[in-house]
Amino acid sequence: DMGHSYANVINHNQSLFPPEEFLKRVIHTHIHDLGPAGETHWLFKENQVPLYENVKLLQSYNYRGVYNLELSFNRFAEEPDINGLVVKTIEKLRKLII
């Protein structure tokens with residue numbers, strides 16, 4: 001879970017990236033950014049989570065699973081142009097995995 005892992009980096013001094021033993025066994029993902037106050041399950045607007053680096057790391061271990069966006073729309077419901085932000089988030093991830 002990229003968003004929760006990054007929240008743990010910030011709040012609990014966790015390593016930025018998981019160890020090799022973990023990466024070898026990844027079978028699915030939960031992907032989201034953090035909001036302005038550190039809330040999880042956000043669109044990639046704040047770009048706090050190192051998405052590019054995480055995806056490239058998974059790819060280096062031949063990850064072939066689903067890249068699952070895990071968003072909680074109620075957390076950013078007040079954002080202007082929410083539809084545009086959703087599309088930008090999907091496009092950002094799509095460009096990394098294709």
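Bear in mind the structure is a predicted one, so any value in this text is a computation, not a measurement.
- With Asp33 contributing its side chain and Gln48 its backbone, the two residues share a donor-acceptor pair below 3.5 Å.
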Pairs of donor and acceptor atoms involving the side chains of residues 19-27, under 3.5 Å and at least two apart or interchain, shall be tabulated with distances.
residue	atom	partner	partner atom	Å
Glu21	OE1	Arg25	NH1	2.8
Glu21	OE2	Lys24	NZ	3.4
Arg25	NH1	Glu21	O	3.1

Which donor-acceptor pairs under 3.5 Å do side chains of residues 66-76 form with protein atoms, sequence neighbours excluded?
residue	atom	partner	partner atom	Å
Glu70	OE1	His30	ND1	3.4
Ser72	OG	His41	ND1	3.2
Arg75	NH1	Thr40	O	2.9
Arg75	NH1	Thr40	OG1	3.0

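- Taking CG from Asn8 and CG from Asn13, the interatomic distance works out to 10.5 Å, rounded to the nearest 0.5 Å.
- Under the side-chain contact (heavy atoms from CB on, under 4.5 Å) criterion, Pro80 pairs with no residue, sequence neighbours left out.
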Ignoring hydrogens and angles, write down the donor-acceptor pairs under 3.5 Å from the side chains of residues 51-59, residues two or more places apart or on other chains.
residue	atom	partner	partner atom	Å
Asn54	ND2	Pro50	O	3.1
Lys56	NZ	Gln59	OE1	3.2
Gln59	NE2	Leu96	O	3.1

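- Val87 and Ile90 end up in different hydrophobic clusters when Ile, Leu, Val, Met, Phe, Trp and Tyr side chains are linked at under 4.5 Å.
- When side chains are defined from C-beta on, Phe44 counts as touching Val49, because their heavy atoms get closer than 4.5 Å.
- Screening residues 89-98 for side-chain hydrogen bond (donor to acceptor under 3.5 Å, both in side chains) gives Asn47-Lys92, Glu91-Arg94 as the qualifying pairs, with residues at least two apart or on separate chains.
- Remark: His12 engages no residue in a ring-ring contact (aromatic ring centres under 6.0 Å, His included) (not counting sequence neighbours).
- Applying the side chain to side chain donor-acceptor pair (under 3.5 Å) test to Ser5 and every residue at least two apart in sequence or in another chain returns nothing.
- Counting all heavy atoms, side chain and backbone alike, Pro36 lies closest to Glu46 at CG-OE2, 3.6 Å.
- Lys45 meets the side chain to side chain donor-acceptor pair (under 3.5 Å) test with Glu79; sequence neighbours excluded.
- With contacts defined as side-chain heavy-atom distances shorter than 4.5 Å, the pair Leu34/Ile10 qualifies.
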